[in-house]
Amino acid sequence: MRLTDFFLPTIKENPKEAQIASHRFMLRAGMIRQSSAGIYSWLPLGFRVLKKIEQIIREEMDRAGCQELLMPTIQPAEIWRESGRYDVYGKEMLRLIDRHDREMLYGPTNEEMITEIVRSSIRSYKDLPKNLYHQQWKFRDEVRPRFGVMRGKEFLMKDGYSFDVNKESAINSYNKMFIAYLRTFARMDLKAIPMQADTGPIGGDLSHEFLVLAETGESEVFCHKDILNFEVPGPDTDYSTDLQPIVDKWTSLYAATDEKVDVSKHTEIGASLVSARGIEVGHIFYFGDKYSKAMGATVAGPDGNDITLEMGSYGIGVSRLVGAIIEASHDDNGIIWPDAVAPFKVGIINLRVGDKSCDIACEETYTKMRDQYVEVLYDDRNESVGVKFADMDLIGLPWQIVIGPRGLKEGKVELKNRSSGVKEELSINDALNNILG
Ligand code: 5CA
């Protein structure tokens with residue numbers, strides 16, 4: 001993509017309304033634009049990141065045996081009356097009336113709708129377990145939307161729902177998601193640690209939040225000082241084996257707590273605890289038959305008797321993750337994207353647009369990368385060098401190739417790694433090989 005073609009409305013000054021780095025940088029880098037309080041448009045740069053995150057989630061959910069579908073944003077009130085949540089959900093639910101006076105709502109979550117789908121389509125225990133998910137916009141009329149996409153009114157969530165015939169199988173489904181979450185966040189270079197949590201309006205008695213450690217996190221937690229070195233299950237994890245030992249390891253020694261553990265009672269763990277702040281990027285729940293019982297979701301068991309389904313639900317804040325990743329990875333100049341979610345892998349800076357040797361070398365580099373399917377943004381604007389450097393650091397692409405007349409005389413370009421700051425003088429081919437590494 002050429003920057004002269006790309007829609008990248010960057011801002012030089014710090015926006016007054018932004019209190020934390022991610023909000024500030026997302027606005028300044030032209031990733032999002034506020035429409036009204038807590039509601040944002042995703043501009044091309046931001047949207048590319050959102051799609052990358054969605055894809056990583058999709059791959060890890062599918063690997064763990066889930067299936068993707070898509071449910072609507074607008075839901076009928078009836079199913080929420082059946083579950084009993086229509087009245088208790090309160091003002092956070094955006095309620096709508098259609099032209100026929102039917103009560104509708106913009107979904108804040110989808111337990112009711114998925115339960116309705118499953119109860120009307122699955123008849124036999126033989127068709128279970130099933131774990132269905134979608135990545136869909138949600139609406140919660142938060143009293144205090146803040147920090148940009150971190151706490152929005154409209155936000156993108158991955159929400160998955162498991163259906164099993166008994167508790168043992170349901171816990172197994174929960175454990176799969178627990179492991180899949182560790183893997184998903186690790187692929188985004190995030191240290192997301194599980195913490196036993198309250199279940200709130202979703203219900204149930206087993207639940208974990210996944211927290212990304214960052215100074216601006218909303219909750220203070222205590223976790224093992226070595227947490228960042230703990231090993232995340234690899235891509236070869238066999239989801240058909242018993243995952244309980246891995247989950248137990250993470251939930252006992254590795255998990256965070258919201259209180260400092262009494263050291264006298266937990267000498268081993270207590271002595272190693274350090275305080276940290278966390279951003280909740282995921283939340284998983286096992287709630288048994290809370291919805292299936294209220295909504296009559298049953299299947300025929302082996303003996304012909306009805307079995308009420310055992311359920312769990314599994315959320316990831318997809319749009320919140322964009323902010324969380326920036327909170328966890330930035331410096332004073334801007335964002336530092338982890339490779340896996342970067343909107344482009346490389347930025348090319350032409351130091352002297354109009355200089356024949358510079359233009360030719362830039363074009364050649366740009367074409368070579370595109371031929372190799374490297375996602376590349378070429379700053380071909382006739383702008384000052386200062387503006388170009390500042391913008392490139394701000395948008396945080398993992399690699400920068402700086403091409404100017406002086407270097408070119410010796411056949412060299414400068415390759416900069418955004419994360420380490422290390423710069424090297426290399427030939428165009430060597431720079432390319434380093435990037436493809
Ligand atoms: N039905 C369950 C799981 S599918 C559920 O709704 N869980 S939740 O309420 O915990 O939300 C799941 C995730 O969505 C949270 O962990 C958080 O990362 C994200 N989230 C929740 N509210 C917001 C919000 N207002 N803005 C941005 N992300 C949010």
Side-chain angles (χ1 to χ4, degrees), residues 20 22-23 26 32 34 37-40 42 50 53-54 57 61 66 68-69 71 73 75 79-80 83 85 89-94 105-115 131-163 173-174 177-178 180-181 184-185 188 190 192-204 206-212 214 217-219 278-287 290-291 311-328:
I20 60 171
S22 58
H23 190 193
M26 286 183 77
I32 51 168
Q34 184 174 316
I39 304 181
Y40 292 86
W42 288 78
L50 195 64
I53 293 174
E54 239 182 40
I57 294 172
M61 290 302 113
C66 308
E68 190 173 21
L69 45 65
M71 292 176 270
T73 53
Q75 307 184 18
I79 50 175
W80 286 73
S83 73
R85 281 208 292 184
Y89 217 93
K91 288 197 165 172
E92 226 165 81
M93 180 186 277
L94 180 66
L105 57 103
Y106 194 127
T109 174
N110 281 61
E111 279 82 4
E112 284 78 359
M113 185 166 283
I114 195 76
T115 304
N131 192 328
L132 304 166
Y133 74 98
H134 70 164
Q135 306 200 48
Q136 177 62 292
W137 294 92
K138 302 289 184 292
F139 197 94
R140 293 181 185 176
D141 202 349
E142 302 271 351
V143 196
R144 225 171 294 111
R146 57 182 187 149
F147 301 156
V149 299
M150 291 282 218
R151 182 167 296 283
K153 290 193 181 202
E154 192 184 46
F155 59 96
L156 187 59
M157 191 199 286
K158 185 287 294 188
D159 41 323
Y161 304 88
S162 63
F163 296 86
S173 296
Y174 183 92
M177 289 299 98
F178 191 102
Y181 274 40
T184 301
F185 300 128
M188 300 169 195
L190 289 174
I193 48 176
M195 179 173 86
Q196 194 146 359
D198 289 336
T199 53
I202 308 294
L206 172 61
S207 167
H208 285 92
E209 286 176 10
F210 287 78
L211 302 165
V212 166
E218 285 192 302
S219 33
I279 301 167
E280 184 200 317
V281 290
H283 201 157
I284 59 177
F285 305 81
Y286 159 69
F287 45 70
K290 176 176 165 171
Y291 298 90
M311 289 176 62
S313 76
Y314 314 95
I316 294 182
V318 185
S319 48
R320 173 178 289 185
L321 268 169
V322 181
I325 290 168
I326 298 174
E327 286 303 323

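Counting starts at 1 for both ligands and their atoms, following the listed order. Quantities reported herein were computed from a predicted structural model and do not represent experimental measurements.
- A donor-acceptor pair is defined here as one N or O able to donate and one able to accept, closer than 3.5 Å; such a pair exists between the side chain of E327 and the backbone of S22.
- Protein heavy atom at the shortest distance from atom 17 (C) of ligand 1 is R320 NH1, 3.6 Å.
- Regarding atom 9 (O) of ligand 1, its nearest protein heavy-atom neighbour is R140 NH1, 2.8 Å.
- Comparing heavy-atom distances from atom 19 (C) of ligand 1 across G282, G317, A197 singles out G317 as nearest.
- In this structure, the protein non-hydrogen atom closest to atom 4 (S) of ligand 1 is D159 CB, 3.3 Å.
- To the nearest 0.5 Å, the span separating CZ on F287 from CD on E111 amounts to 5.0 Å.
- Close to ligand 1: S313, with a non-hydrogen atom less than 4.0 angstrom away.
- Residue-ligand proximity: K153 is placed with every non-hydrogen atom at 4.0 Å or more from ligand 1.
- For atom 14 (O) of ligand 1, the choice among M157, M150, H283 with the nearest heavy atom turns out to be M157.
- At a 4.0 Å cut-off, at least one heavy atom of V149 sits close enough to ligand 1 to count as contact.
- When atom types are taken as modelled, the side chain of R140 and the backbone of E92 share no donor-acceptor pair closer than 3.5 angstrom.
- Contacts between F285 and ligand 1, counted as non-hydrogen atom pairs separated by less than 4.0 Å, involve the side chain only.
- Taking the six-membered ring where tryptophan is involved, the planes of H23 and Y40 are perpendicular, since the angle between them exceeds 60° and thus also 30°.
- In this structure, Q136 contributes its side chain and M71 its backbone to a donor-acceptor pair below 3.5 Å.
- Taking atom 26 (N) of ligand 1 as the reference point, the nearest protein heavy-atom neighbour is G152 N, 3.0 Å.
- Ligand 1 has a nitrogen or oxygen under 3.5 angstrom from a nitrogen or oxygen of E111.
- Contacts between E280 and ligand 1 below 4.0 angstrom, taking non-hydrogen atoms only, involve backbone and side chain alike.
- Of the candidates F155, Y314, F210, Y133, it is F155 that places a heavy atom closest to atom 20 (N) of ligand 1.
- Every N/O-N/O distance between K158 and ligand 1 stays at or above 3.5 Å.
- Panel note: side chain Q135, backbone I316; no donor-acceptor pair is recorded below 3.5 Å.
- If you look at E142 next to ligand 1, the close heavy atoms, those under 4.0 Å, all belong to the side chain.
- When atom types are taken as modelled, the side chain of Y161 and the backbone of N110 share a donor-acceptor pair closer than 3.5 angstrom.
- Aromatic ring orientation, W80 versus Y89: perpendicular (interplanar angle above 60°, classes split at 30° and 60°).
- No donor-acceptor pair under 3.5 Å is formed between the side chain of S313 and the backbone N or O of G160.
- Proximity of V281 to ligand 1, defined as any heavy-atom pair under 4.0 Å, is confined to the backbone N, CA, C and O atoms.
- Of the possible donor and acceptor atoms, none in the side chain of K290 sits under 3.5 Å from a partner among the backbone N and O of M311.
- I202 CD1, 3.7 Å is the protein heavy atom nearest to atom 5 (C) of ligand 1.
- Between F178 and H208, the ring planes are perpendicular. Angles over 60° get that label, and only those under 30° would be called parallel.
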